[in-house]
Amino acid sequence: MSSIWSRPSPPRRPVLTREAIVAAAVALADAEGLDAVSIRRVAAELDARAMTLYSYIERKEDLLALMLDEISAEVLVAEPLPADWREALLLLARRERELVRRHPWRVDLVHQRVAVGPNGLRHVEQKLAAFDGLEIDRLTAWRFLAVFNDYMTGFVIREAVERAAPREQGIDDAERAAVAEPYIRELVDGGELARLAPMIEQGVPGADDNFERGLGWVLDGIERHLHR
C-alpha cells in the first residue's frame, strides 16, 4: 500500500451549475415522468448531496419552473415569423405539439400553475406577433390567442393521456379495442348507436388529421370574425 503522500489527489468534482441541475431534472422527467423528480433524486443523478442543490434551487416549485422554461425554448421560432398570420400560428402550434410529444410531463404542469419564465413569455410574445398585421386592438388579439391556446391545451393533453395510457396500464390500443369490442358490437347490433355505428364500421380519422383540421376550424372562425 502506498503512502498517502505518494498517491495522486482525486480529481475535483466540477462545480455544479443551475443549468446542469435543470438539464438533469428534464432528462429524469423524460425518462420516468414528473413524479420521479425531486431535489434528492436529481442530486443523486448528479452524484451530489441534496443540500448542495438547495444552495442553487431552494424549492421543488422553483425547479419545476426552471424545467418548464428550459423546454419552452424549444418552441421559439427564429424570427421573422411567416408573414401570413395563419401560417405563423400553424408553425407555432406544430412546434408546441411536438414539444409535448418530446416532454409529455409538460401536461402535468398545466394544472400546477407553475410560474412562467422568460422563454415562456417569449413564446406568448411570438404568438401575439402573429396578429401584428391584422390591425386589431390588444384586447381582440388576446381573445384570439385565448381561443388558440384553449384548443392547443385541450388537444395536447388528450393526446398525451392517450399515448401514456398503454404504458401505464400495460395494454396497447389493439388489446383495449378487443376487450371493448363485444360490448360495443352488442349495442350496435341491438339498433342503438345509430349515428356512431357507421363511424365505428368505417373508422375515424387519426389524431394527426384531427389536429390539423381542428386547428384550421379555429383559424377559420378567427378569420370570419376579422371580415365582419
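Residue numbers run from 1 in the order of the sequence given.
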Item to check | Pair R102-D30, side-chain contact (heavy atoms from CB on, under 4.5 Å): steps then yes or no | outcome: CA-CA 8 Å; R102 288 191 298 273; D30 287 345; over 6 Å; no
Side-chain heavy atoms of [X] within contact of [Y], under 4.5 Å:
X	Y	result
R106	V110	yes
L215	F148	yes
M67	L34	yes
N119	E70	no
K127	N149	yes
V26	V37	no

Checklist entry - Taking it one step at a time, do Q112 and E61 satisfy side-chain contact (heavy atoms from CB on, under 4.5 Å)? => result CA-CA 9 Å; Q112 295 193 33; E61 291 77 6; over 6 Å; no
Checklist entry - Should T153 and D150 be marked as a side-chain hydrogen bond (donor to acceptor under 3.5 Å, both in side chains) after you check the CA-CA gap, both sets of side-chain angles, and the distance that decides it? => result CA-CA 5 Å; T153 300; D150 287 345; 5.6 Å; no
Nearest atoms (heavy-atom pairs only) where [X] meets [Y]:
X	Y	result
W85	L134	CD1-CD2, 3.4 Å
Y56	T17	CE2-CA, 4.1 Å
L139	D137	N-OD1, 3.0 Å
L53	A48	CD1-CB, 4.1 Å
G120	S72	N-CB, 3.9 Å
L91	P82	CD2-CD, 3.9 Å

Salt bridge [X]-[Y], side-chain N to carboxylate O under 4.0 Å:
X	Y	answer
D220	R86	yes
R97	E212	no
E125	R122	no
R158	E162	yes
R94	E98	no

Item to check | Steps toward side-chain contact (heavy atoms from CB on, under 4.5 Å) verdict (T52, L46) | outcome: CA-CA 11 Å; T52 302; L46 293 169; over 6 Å; no
Next on the checklist: In terms of relative ring orientation, are F144 and H225 parallel, tilted or perpendicular, with 30° and 60° separating the classes?
Outcome noted: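 Plane angle over 60°, so perpendicular.
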Please round to the nearest 0.5 Å and tell me the distance separating atom [atom1] of [X] and atom [atom2] of [Y].
X	Y	atom1	atom2	result
K60	Y54	NZ	OH	10.0 Å
T140	R138	OG1	CZ	11.5 Å
L64	D108	CG	CG	10.0 Å
I39	I57	CD1	CD1	5.5 Å

Next on the checklist: W105 vs D35, test: side-chain contact (heavy atoms from CB on, under 4.5 Å). Steps then yes/no.
Outcome noted: CA-CA 9 Å; W105 49 270; D35 287 343; over 6 Å; no
Answer yes if [X] and [Y] sit in the same cluster of Ile, Leu, Val, Met, Phe, Trp and Tyr residues linked by side chain heavy atoms under 4.5 Å apart, and no otherwise.
X	Y	result
L128	V147	yes
L226	F131	yes
I136	L81	no
V100	V124	yes
L145	V156	yes

Item to check | Evaluation steps, salt bridge (Lys or Arg N to Asp or Glu O under 4.0 Å), between R163 and E159 | outcome: CA-CA 6 Å; R163 288 165 67 92; E159 185 176 52; 5.2 Å; no
Checklist entry - Under the 6.0 Å and 45° cation-pi test, does R213 pair with F211? => result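 No, R213 does not lie over the aromatic ring of F211.
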Item to check | More than 12 heavy atoms from other groups under 6.0 Å of CZ on R143 | outcome: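 No.
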Checklist entry - Can you name the one residue among R95, H103, H123 that meets side chain to side chain donor-acceptor pair (under 3.5 Å) with E74? => result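 The side chain to side chain donor-acceptor pair (under 3.5 Å) with E74 is passed solely by H103 among R95, H103, H123.
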Checklist entry - Counting N and O atoms only, with roles assigned by atom type, does the side chain of Q126 sit under 3.5 Å from a partner on the main chain of V77, one being a donor and the other an acceptor? => result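 Yes; judged by distance alone, with no hydrogens or angles, the pair exists.
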